[in-house]
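Keep in mind that this is a model prediction, so the values were computed, not measured. Letters A, B, ... are given to chains in the order of the sequence lines, protein chains preceding strands, and every chain is numbered from 1.
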Amino acid sequence: MKFNYLILSWFDKNKRELPWRNTRNPFHIWLSEIILQQTRVEQGKNFYLNFITEFDTVNDLAKADEQKVLKLWQGLGYYSRARNLHFTAQFVSNELNGVFPDTFKELKKLKGIGDYTAAAIASIVYNEPVPAVDGNMFRVFSRYFNVEDDISLAKTKKVFWDLGIEVIDEKRPGDFNQAVMDLGATICLPKAAKCDICPLNESCEALRLNKVQELPIKTKKVKVSNRFLHFILVQNGNEIGLVKREGNDVWRNLFTLPMIETTTDLLDNEDLIHQNIHLDLSFISEEKHILSHQNLFIKYYRYIPNVSKIEHLRNLSDFEWINLNEIENYPLPKPIENFINYHFLD
DNA sequence: TAGTCGTGGGT
DNA sequence: TACCCAAGACT
């Protein structure tokens, strides 16, 4: 078919040289695909290199503490990826004798591996002709074939999967999937598509119909909420208080300073009394930290150590004293990492 | 299913 | 500035 001939010819001459290319080690391909979920190549590259430097095999990763894995993941975001990565490493190491499943169907059963990642691994490592339906594929296919289905609806994924099954190159499925992603990442861009240099520009339906800007169609928008977080620096000599975050919320299993959350940006006596505590806090700084789905209005305060009151602080949250020399072992959210670096580490 | 999970870059 | 988007998965 014309589509895969054109895109594979382009890929053979223009593919990006990346650290996880030129290998079919399933551990390496799996790791790279998890890192690259919702993440740009340039952001994920060093994380991939750090992980394979630290862990030679899936068994090595399985033996590590979750906290160490999260620390290596610090700064990359979507930390459930790291927790699931570690969980699946242990499952493969302990239950599958360290050997990855070799089919799309079996790969998809592993925690953290969905349709996209299973297809990517199965096609790249095991030559299974299954389409990797990701954001690039939505964009390239919706434009080339003029598909007007709303990609923000879950059911639309099947439309693109079926189209991918029809079109995919049966002899080179891994290269085909990577070619689609490379084209989407470098030529068929969301806002400023480079149609003038696109290898598919003579047969692209969206270009012919002047619909490149409209496709793909995506109607649903994420609703963003506002949260007001007050972090309290509790310091005693070379030690500071840290809390491990629990529950179903952002930054699960990462560490922060002790925190009080309020419904407005004011932290007043009422909030403190409600926490059954009264503190002497001095304001340090504030910032706005933007997540994909939340605006975090963050303020930092210092608590001046007072022997008679330190016990009261334990009511605030069950923090533990951490020596600053050991902070390198504790995974921190970006704002806390920045705060600690600014105040304590050069 | 629709909402929830980070961070950084581009426009 | 505010918004969109990035090799998505989970619940």
Side-chain angles (χ1 to χ4, degrees), chain A residues 15-16 18-21 29-48 70 73-85 87-88 107-124 131-140 150-157 160-161 164 174 176-186 188-193 213 216 218-227 245 247-254 256 287-296 298 331-338:
Chain A
K15 74 170 176 181
R16 293 174 288 177
L18 302 171
W20 47 85
R21 294 223 162 129
I29 297 299
W30 167 59
L31 175 62
S32 72
E33 292 301 341
I34 302 299
I35 287 175
L36 289 170
Q37 289 168 5
Q38 296 290 284
T39 303
R40 293 171 193 280
V41 165
E42 286 310 313
Q43 190 188 359
K45 209 184 264 182
N46 285 335
F47 286 85
Y48 172 82
L70 283 170
W73 204 270
Q74 174 178 303
L76 196 54
Y78 285 151
Y79 297 95
S80 65
R81 290 184 293 173
R83 298 192 301 269
N84 290 337
L85 185 81
F87 179 93
T88 290
L107 284 163
K108 223 174 93 66
K109 293 178 180 175
L110 301 177
K111 193 169 289 187
I113 297 184
D115 288 326
Y116 162 77
T117 303
I121 297 172
S123 64
I124 293 170
V133 182
D134 74 328
N136 292 302
M137 195 272 201
F138 276 142
R139 194 164 55 254
V140 171
D150 183 357
I151 65 167
S152 54
L153 303 178
K155 63 181 181 181
T156 300
K157 194 156 72 171
F160 284 82
W161 168 274
F176 176 89
N177 282 331
Q178 294 181 87
V180 172
M181 291 188 276
D182 268 21
L183 189 79
T186 62
C188 196
L189 302 173
K191 305 255 181 188
Q213 300 296 333
K218 183 178 182 181
T219 60
K220 196 173 64 177
K221 291 167 190 169
V222 179
K223 188 179 180 186
V224 178
S225 59
N226 295 327
R227 295 176 71 176
R245 290 179 60 82
N248 295 318
D249 197 0
V250 296
W251 303 327
R252 176 164 18 152
N253 291 6
L254 276 65
T256 73
E287 66 174 312
K288 180 181 178 183
H289 185 76
I290 300 174
L291 310 180
S292 56
H293 57 306
Q294 294 175 6
N295 293 324
L296 303 183
I298 294 175
L332 310 171
K334 203 61 179 175
I336 304 300
E337 177 194 355
N338 290 342

> Going by side-chain hydrogen bond (donor to acceptor under 3.5 Å, both in side chains), name the residues that satisfy it together with Lys157(A), two or more places apart in sequence or in a different chain.
Asp115(A)
> Quote, to the nearest angstrom, the C1' distance that separates dT11(C) from dT7(B).
23 Å
> Looking at every strand, decide which applies to Leu18(A) at a 4.0 Å heavy-atom threshold: base, sugar-phosphate, or nothing.
base
> With Asn295(A), which residues qualify under side chain to side chain contact (heavy atoms under 4.5 Å, CB included), at least two apart?
Val224(A), Asn226(A), Lys288(A), Ile290(A), Phe297(A)
> For nucleotides 3-11 of chain B, read 5' to 3', which letter fits each nucleotide if B means a protein heavy atom sits under 4.0 Å from the base, S means only the sugar-phosphate is that close, and - means neither?
-SBBBBB--
> Classify the nucleic acid contact of Asp115(A) as base, sugar-phosphate or nothing, counting any heavy atom under 4.0 Å across all strands shown.
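Sugar-phosphate, no base atom in range.
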> Quick check: on DNA chain C, is the nucleotide nearest Leu110(A) upstream (toward 5') of the one nearest Gly184(A), or the reverse? Name the residue that is more 5'.
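Counting from the 5' end, the first nearest nucleotide belongs to Gly184(A).
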> Considering only heavy atoms of chain A and a distance under 4.0 Å, specify the first and last nucleotide of DNA chain C in 5' to 3' order that meet this criterion.
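The protein-touched segment is dC4(C) to dC10(C).
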> Starting at the 5' end of DNA chain C and moving along, which residue's nearest nucleotide shows up first, Leu36(A) or Asn84(A)?
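The answer here is Leu36(A).
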> Can you sort out the partners of Arg245(A) under side chain to side chain contact (heavy atoms under 4.5 Å, CB included), two or more places apart, ordered by chain and number?
Asp249(A), Val250(A), Trp251(A), Thr256(A), Met259(A)
> For Gln213(A), give me all partners under side-chain hydrogen bond (donor to acceptor under 3.5 Å, both in side chains), at least two apart in sequence or on another chain.
none
> Under the side chain to side chain contact (heavy atoms under 4.5 Å, CB included) test, which residues partner Lys109(A), sequence neighbours left out?
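Scan of Lys109(A) (side chain to side chain contact (heavy atoms under 4.5 Å, CB included), adjacent residues dropped) gives Glu106(A).
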> Run the side-chain hydrogen bond (donor to acceptor under 3.5 Å, both in side chains) test against Gln38(A) and tell me which residues pass, sequence neighbours left out.
none
> Ser123(A): which residues meet the side-chain hydrogen bond (donor to acceptor under 3.5 Å, both in side chains) condition with it, sequence neighbours left out?
Asn177(A)
